Amino acid sequence: MQYEAVIGLEIHAQLLTETKIFCGCSTKFGSDPNTQTCPVCIGMPGVLPVMNRKAIEYVVRTGLSTNCEIPLLSRFARKNYFYPDLPKGYQISQFEMPLCGEGFVDIIVEGDHRKIGLTRIHLEEDAGKNIHAEHGNESFVDLNRAGVPLMEIVSEPDIRTSKEAVEFVKKLRAIVRYIGVCDGNMDQGSLRCDANVSVRPVGEKELGTKAEIKNMNSFRFIEKALDYEIKRQIKALRDGERIIQETRLWNTDKGITESMRSKEEAHDYRYFPDPDLMPIELEQSWIDGVRGGIVELPDTKRERFISDYNLPEQDADLLTSEQSMADWFEQAVDLGGDSRSVSNWIKGEMSRLLNDDNKLIEDCTITPGLLVGMLSLIDKGTISGKIAKTVFEKMYRTGKEAAVIVEEKGLVQMSDESGIEAIVDDILSKSPGEIERFKGGDAKLMGFFVGQVMKETKGKANPKIVNELLRKKLK
Ligand code: ADP
Ligand code: ZN
Ligand code: MG
């Protein structure tokens with residue numbers, strides 16, 4: 001029997017508000033423990049929460065960017081449970097009346113377009129963080145994160161493979177970053193993802209029993225954890241076992257998911273409307289205003305890049321994955337850079353150098369103007385494409401203009417035919433054996449001759465002239 005996987009994701013995104021959801025404490029990451037707290041966010045008795053207007057706006061902005069219905073009325077609820085990082089004994093969240101209703105996002109996986117439904121998006125407060133001492137058995141609680149606004153995006157069980165799940169999270173991450181509501185940082189935990197997974201025989205309409213997987217804090221781990229879990233469940237069913245509804249943790253070291261708690265141990269959260277907060281009543285005109293302020297989103301930009309700049313789909317995918325990269329690209333094109341060349345340099349050398357340094361394009365020393373300056377040197381024949389790579393890296397390290405680097409390092413392309421011819425003759429006179437084999441039909445040796453000339457001229461010989469000369473002389 002063939003099985004298919006059914007996956008629904010719950011994504012938690014910390015909102016980029018300056019202050020917490022119900023008090024004025026800072027949301028800055030990485031400060032000393034408990035330095036960003038007050039009676040409200042440490043849950044003292046008698047205090048009252050005051051709603052952060054920006055947090056509401058950010059969730060609505062996200063809903064509008066993901067085709068969600070925005071109801072005019074929504075409400076906050078208390079989710080009751082006991083845990084040391086939750087000083088009030090309840091989390092203020094949303095239950096029956098979330099800020100955003102049904103929506104969807106489009107993803108492309110291996111060329112296939114898929115529409116993934118969203119069930120809802122709601123707003124809640126984050127909890128604190130337990131810190132367990134590495135030695136001894138002490139534990140500590142840091143409440144800096146308690147009360148940071150957290151948005152939860154819940155998908156329909158529309159996802160079928162681990163790759164689709166990764167694309168879905170990537171797309172949502174790109175959207176929240178574009179619209180400036182979350183920094184999308186997965187290793188600092190500002191974007192976290194839980195996955196609900198079940199399997200069923202292909203053709204079956206009913207859903208199987210699901211397991212919820214937690215603790216996957218990178219795209220790679222999401223893919224690995226889901227692949228592992230799908231295989232585990234299919235094997236269990238083939239072996240005649242039943243899947244139990246449970247929460248499982250991804251164990252990075254072992255590369256497996258492990259049972260954390262079963263449904264029987266699950267909480268009854270006793271949700272009820274929070275009596276300290278008024279229901280949220282939105283005005284349609286306010287929602288329209290939020291909609292009007294939304295920037296061009298990744299999908300729209302991608303389509304425009306393909307049609308306006310005549311780019312291959314993969315180039316458009318990469319360039320629009322980050323708004324800063326898309327902006328950089330467009331600035332270079334506006335300054336006269338050829339769109340394909342600009343894209344190729346971003347995809348190739350630029351990405352390689354930035355990756356090595358773990359930097360983003362906005363921190364790059366090469367500005368769009370510097371790249372366009374270098375491209376014009378290539379066009380004019382001043383430098384070869386090969387030398388350009390050296391110049392590009394020097395530009396990256398120093399921020400100097402290409403023309404200055406070329407001048408300083410004497411990298412101007414050698415296009416003087418008689419000069420190159422002398423070197424070609426010299427190489428040929430030293431390679432009688434190779435010439436014989438070449439004439440005997442070993443065409444690959446052309447590369448050897450070109451390589452020798454390039455080595456001799458430190459890559460500066462104009463490759464077109466080198467090739468012409470060699471072809472003429474080896475006839
Ligand atoms: P719970 O009551 O356990 O919170 P929900 O029905 O609220 O479950 O769904 C939570 C998430 O799990 C959603 O993303 C949903 O799409 C997904 N989901 C629900 N049932 C299944 C299933 N049988 N298989 C896979 N995912 C599921
Ligand atoms: Zn506070
Ligand atoms: Mg639920």
Side-chain angles (χ1 to χ4, degrees), residues 3-12 17-28 31 33-44 47-52 55 66 79 81 87-88 92-96 98 102-105 116-122 124-128 142-149 152-162 164-165 168-169 172 192-201 204-214 222 225-226 229-230 233-234 237 242-248 260-269 271:
Y3 288 89
E4 69 171 358
V6 175
I7 303 165
L9 297 183
E10 294 166 292
I11 293 175
H12 286 95
T17 54
E18 299 273 317
T19 56
K20 293 187 181 179
I21 183 169
F22 300 126
C23 62
C25 293
S26 166
T27 55
K28 199 170 142 263
S31 305
N34 298 308
T35 53
Q36 289 162 190
T37 55
C38 74
V40 173
C41 55
I42 65 176
M44 288 299 198
V47 296
L48 286 173
V50 177
M51 191 69 225
N52 182 331
T66 51
K79 177 178 178 177
Y81 63 94
K88 293 196 298 295
I92 301 179
S93 180
Q94 296 195 285
F95 189 52
E96 325 103 318
E102 286 178 16
F104 65 87
V105 296
I116 308 297
L118 299 184
T119 315
R120 58 188 275 153
I121 306 177
H122 70 249
E124 59 192 25
E125 57 180 339
D126 209 342
D142 175 9
L143 293 174
N144 282 352
R145 201 178 66 185
V148 168
E152 179 172 337
I153 305 170
V154 183
S155 91
E156 288 289 296
D158 289 347
I159 298 165
R160 293 290 168 271
T161 65
S162 62
E164 287 181 13
F168 176 76
V169 181
L172 280 177
R192 321 195 274 269
C193 158
D194 300 334
N196 298 271
V197 186
S198 63
V199 297
R200 64 182 172 192
E204 171 67 60
K205 286 278 166 287
E206 260 180 59
L207 296 177
T209 305
K210 70 178 158 78
E212 184 175 354
I213 322 290
K214 290 186 182 289
I222 293 173
L226 291 179
E229 181 62 18
I230 293 166
Q233 292 190 13
I234 292 176
L237 291 185
R242 277 181 46 234
I243 303 296
I244 36 176
Q245 187 166 343
E246 61 182 352
T247 303
R248 299 177 69 86
M260 180 171 107
R261 59 167 180 255
S262 76
K263 189 70 181 176
E264 285 74 59
E265 299 161 55
H267 310 95
D268 170 3
Y269 293 117
Y271 280 100

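Being a predicted model, the structure only gives us computed values, none of them experimental. Heavy atoms only: backbone and side chains are in, while hydrogens, waters and symmetry mates are out. We count residues from 1, following the sequence as given. Both ligands and their constituent atoms are indexed starting at 1 by order of listing.
- Looking only at side-chain heavy atoms (C-beta outward), P149 and T27 come within less than 4.5 Å of each other.
- Remark: ligand 1 and N196 share an N or O pair separated by less than 3.5 Å (distance only, no angle test).
- Heavy atoms of E156 found under 4.0 angstrom from ligand 1 belong exclusively to the backbone.
- In this comparison of S155, A211, G208, the heavy atom closest to atom 13 (C) of ligand 1 sits on S155.
- By the 3.5 Å distance cut-off applied to N or O atoms, T119 is not counted among the residues near ligand 1.
- The part of L9 lying near ligand 1 is the backbone, judged by heavy-atom distances below 4.0 Å.
- Sorted by chain and number, the protein atoms of type N, O or S within less than 2.8 Å of the Zn ion (ligand 2) are C23 SG, C25 SG, C38 SG, C41 SG.
- Within 6.0 Å of atom CD in E96, more than 12 heavy atoms from other residues, nucleotides or ligands are found, so the atom counts as buried in its surroundings.
- With sequence neighbours left out, the salt bridge (Lys or Arg N to Asp or Glu O under 4.0 Å) criterion links K88 to E125.
- If you check each of K210, E212, R120, R200 against atom 9 (O) of ligand 1, the one with the closest non-hydrogen atom is K210.
- The aromatic rings of Y271 and F95 sit parallel, their planes meeting at an angle under 30°, below the 60° perpendicular limit.
- Residues N196 and E10 have side chains in contact (heavy-atom distance under 4.5 Å, counting atoms from C-beta outward).
- Among all heavy-atom pairs drawn from R248 and A211, the shortest one is CD-CB, 4.0 Å.
- When side chains are defined from C-beta on, F22 does not count as touching V47, because their heavy atoms never get closer than 4.5 Å.
- In this structure, the side chains of N144 and T37 come closer than 4.5 Å at one or more pairs of heavy atoms.
- Residue-to-ligand polar distances keep I7 apart from ligand 1: every N/O pair is separated by 3.5 Å or more.
- When heavy-atom distances to ligand 1 are checked against a 4.0 Å cut-off, V154 comes that close only through its side chain, counted from C-beta outward.
- A 4.5 Å side-chain heavy-atom check between V6 and R200 finds at least one atom pair inside the cut-off.
- Atom CD of E204 has more than 12 neighbouring heavy atoms from other residues, nucleotides or ligands inside a 6.0 Å radius.
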